[in-house]
Student: 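Pasting in a structure now, in structure tokens, and then I'll have a few things to ask.
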Amino acid sequence: MGDAELRGLMAEMGEPAYRSKQLMEAVYRQRVESLAEISTLPLALREMLEKSGVSVGAPRIDNKFVSSDGTVRYLIAFADGQTVETVWMPEGDGGEAGDGSEAGVEAQIPGEGAQRAPGRAAIGRSTICISSQVGCAVDCRFCLTALLGVKRNLTAGEIVGQVCAVLKDQHVSPPEDRINLVFMGMGEPFLNYDNFIKASRLLVECVGIAERRMTVSTAGIVPRIHDFAKERVRPKLAISLNASNDALRTRLMPVNKKWNLEMLVDAARDFPLRTREWITFEYVLLGEVNDEPANAKEVVELLRGLRCKVNLIALNPGPDIDFATPTDERVARFQKILRDGGIPAFIRRPRGRDIYAACGQLKRTVEIANLPEPRLQLISPPSDR
Ligand code: SAH
């Protein structure tokens, strides 16, 4: 339930508007688990809310996998039993951190790093990667989530609920702790647009995540990029490019048949950027498929003149994914051509690959119970590092 709906409900019950604020505060900041815990609300009101079907609390954490690099993959369950995955990436490395958030932009935001409870220092920058749908309908050939198909959209409350569940489990709180948020988990946020927007507002206004610490990534749902440009509160924009020409992109991402590269790049050119903001393009490198020097040169031409940067992601492998991870040399060569062509390009360090938490590896754990070896390594110490 959003702020406006809650105010409406309170008005219906003859309650003053500040009651809704008290409830939001309890749910999103104190992260209470039941109405009974909200002692700021009179008992009669709590009973009335309960009777009208209002329940509070974060979704349940069903399972938790910890990677040797500190990344945690959560399996989060909602009331109807559907699950999604949410990833916690602690302490970015200050460079291109592998978490999808901006590299090297570490300006302090007012309120961040403020005094915490005695005995506990504020954490460095960490990132939560959240899902927007159960499964995904976009069908990118290199992504594990695509194999699920889409089961349903998440509600705004379920999107925000993932963040609350993780914050609570990690014992951190924005804005005192620096938390970045990326809508880069399961699903295509721009195919669940209204709920995604509603969730962004709740995250800023109620949870306390700074607008400029959030980034949404889209596979290229062009009409929604135009809508997004007009939003009052919005995360930064990232676009999954992944190919340098239409033939190749259509092969890797069938969505390109509907909205081709010209439409996509035009939308990016029209996108109104705020001060010190740029668009991020993600490019998954698939060995000997889209990682040739000729591809890099095409990308330079395609993006010329755009205020943007490119995040290069070497393929994270998975079962049923018929592509190869390129060698480091090929990745470095690709990056150099972009940089020589005037495009800032960064290599995104894979996070949590050993627990299938990295980009393109999210798939409901229950459905990958038969994953090969890597998943098991999480219990033993890293062997060769
Ligand atoms: N649906 C949105 C949000 C997901 S973001 C989107 O497509 O942008 C996930 C990022 O991981 C995307 O940039 C995607 O291209 C990338 N990705 C998908 N599968 C991958 C894989 N197997 N290895 C590396 N990156 C992958």
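Both counts, for ligands and for their atoms, begin at 1 and track the order of listing.
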Student: Looking only at protein heavy atoms, which one is nearest to atom 17 (N) of ligand 1, and what is the separation?
Tutor: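 That would be Val284 CG2, 3.7 Å.
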Student: Below 4.0 angstrom, N of the basic side chain to O of the carboxylate: do Glu37 and Arg46 qualify?
Tutor: no
Student: So if I count the atoms of ligand 1 from 1 in the order they appear, which ones are less than 4.0 Å from some heavy atom of Ile313?
Tutor: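 Once the distances to Ile313 are compared, the set is 24 (C), 25 (N).
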Student: By number and element, which atoms of ligand 1 are closer than 4.0 Å to a non-hydrogen atom of Glu188?
Tutor: 1 (N), 2 (C), 6 (C)
Student: Please report which non-hydrogen protein atom sits nearest to atom 3 (C) of ligand 1, along with the residue it belongs to and the distance in Å to one decimal place.
Tutor: Ser217 O, 3.5 Å
Student: Give a yes-or-no answer on whether the side chains of Tyr74 and Asn63 include a donor-acceptor pair shorter than 3.5 Å.
Tutor: no
Student: Of all the non-hydrogen atoms in the protein, which one sits nearest to atom 15 (O) of ligand 1, and at what distance?
Tutor: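 Checking every protein heavy atom, the shortest distance to atom 15 (O) of ligand 1 gives Asn242 ND2, 3.0 Å.
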Student: Measure the distance from atom 10 (C) of ligand 1 to every protein heavy atom, then report the residue, atom name and distance (to 0.1 Å) of the closest one.
Tutor: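 Going atom by atom, the protein heavy atom closest to atom 10 (C) of ligand 1 ends up being Glu282 OE2, 4.0 Å.
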Student: Counting from 1, what ligand 1 atoms have a heavy atom of Thr218 closer than 4.0 Å?
Tutor: 6 (C), 8 (O)
Student: Report yes if the side chains of Val166 and Gln162 come closer than 4.5 Å at any heavy-atom pair, otherwise no.
Tutor: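 They are not in contact (no side-chain heavy atoms under 4.5 Å apart), so the answer is no.
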Student: Cation-pi check, Lys363 to Tyr356: give yes when NZ or CZ is under 6.0 Å from the six-membered ring centre and within 45° of the ring axis, no otherwise.
Tutor: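 No, Lys363 does not lie over the aromatic ring of Tyr356.
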Student: For atom 22 (N) of ligand 1, grab the closest protein heavy atom and report residue, atom and distance to one decimal in Å.
Tutor: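 Nearest neighbour among protein heavy atoms for atom 22 (N) of ligand 1, to 0.1 Å: Phe142 O, 2.8 Å.
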Student: Is the shortest distance from a Lys or Arg side-chain nitrogen in Glu282 or Arg348 to a carboxylate oxygen in the other one below 4.0 Å?
Tutor: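 The answer is yes: the pair qualifies as a salt bridge.
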Student: Measure the distance from atom 12 (C) of ligand 1 to every protein heavy atom, then report the residue, atom name and distance (to 0.1 Å) of the closest one.
Tutor: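 Ranked first by proximity to atom 12 (C) of ligand 1 is Ser240 OG, 3.2 Å.
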Student: Check each atom of ligand 1 against the heavy atoms of Ala219 and keep those under 4.0 Å away; list them by number with element.
Tutor: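 In order of numbering, the contacting atoms are 6 (C), 7 (O), 8 (O).
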Student: For Phe334, is the NZ or CZ atom of Arg339 found under 6.0 angstrom from the centre of its six-membered ring and inside 45 degrees of the ring axis?
Tutor: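 No cation-pi geometry.
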Student: Of the protein's non-hydrogen atoms, which lies at the shortest distance from atom 19 (N) of ligand 1, and what is that distance?
Tutor: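 I find the closest protein heavy atom is Gly360 CA, 3.0 Å.
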Student: Do Ser131 and Glu85 have a side chain donor and acceptor closer than 3.5 Å?
Tutor: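 Side chains of Ser131 and Glu85: no pair found under 3.5 Å.
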Student: Do Gln133 and Asn192 have side-chain N/O donor and acceptor atoms under 3.5 Å apart?
Tutor: no
Student: Counting heavy atoms only, which of Cys359, Ala146, Ala137, Ala358 comes nearest to atom 26 (C) of ligand 1?
Tutor: Cys359
Student: Are side-chain heavy atoms of Thr218 and Glu188 found at a separation under 4.5 Å?
Tutor: yes
Student: Find all atoms of ligand 1 within a distance of less than 4.0 Å from any non-hydrogen atom belonging to Leu315, and give their numbers and elements.
Tutor: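 In order of number, 21 (C), 22 (N), 23 (N).
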Student: Answer yes or no for Gly220: is there a heavy-atom contact with ligand 1 below 4.0 Å?
Tutor: no
Student: Phe228 ring centre to Arg234 NZ or CZ under 6.0 Å, with the angle to the axis within 45°?
Tutor: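 Checked: cation-pi criterion met.
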Student: Using a strict 4.0 Å cut-off to heavy atoms of Gly185, name the atoms of ligand 1 that fall inside it.
Tutor: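 Answer for ligand 1: 4 (C).
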Student: Under a 4.0 angstrom heavy-atom cut-off, which atoms of ligand 1 come close to Gly187?
Tutor: 1 (N), 2 (C), 3 (C)
Student: Can you pull out the closest protein heavy atom to atom 9 (C) of ligand 1? Residue, atom name and distance to 0.1 Å, please.
Tutor: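 Of the protein heavy atoms, Met184 O, 3.7 Å lies nearest.
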Student: Pairing donors with acceptors under 3.5 angstrom, does anything connect the side chains of Ser68 and Asp354?
Tutor: yes
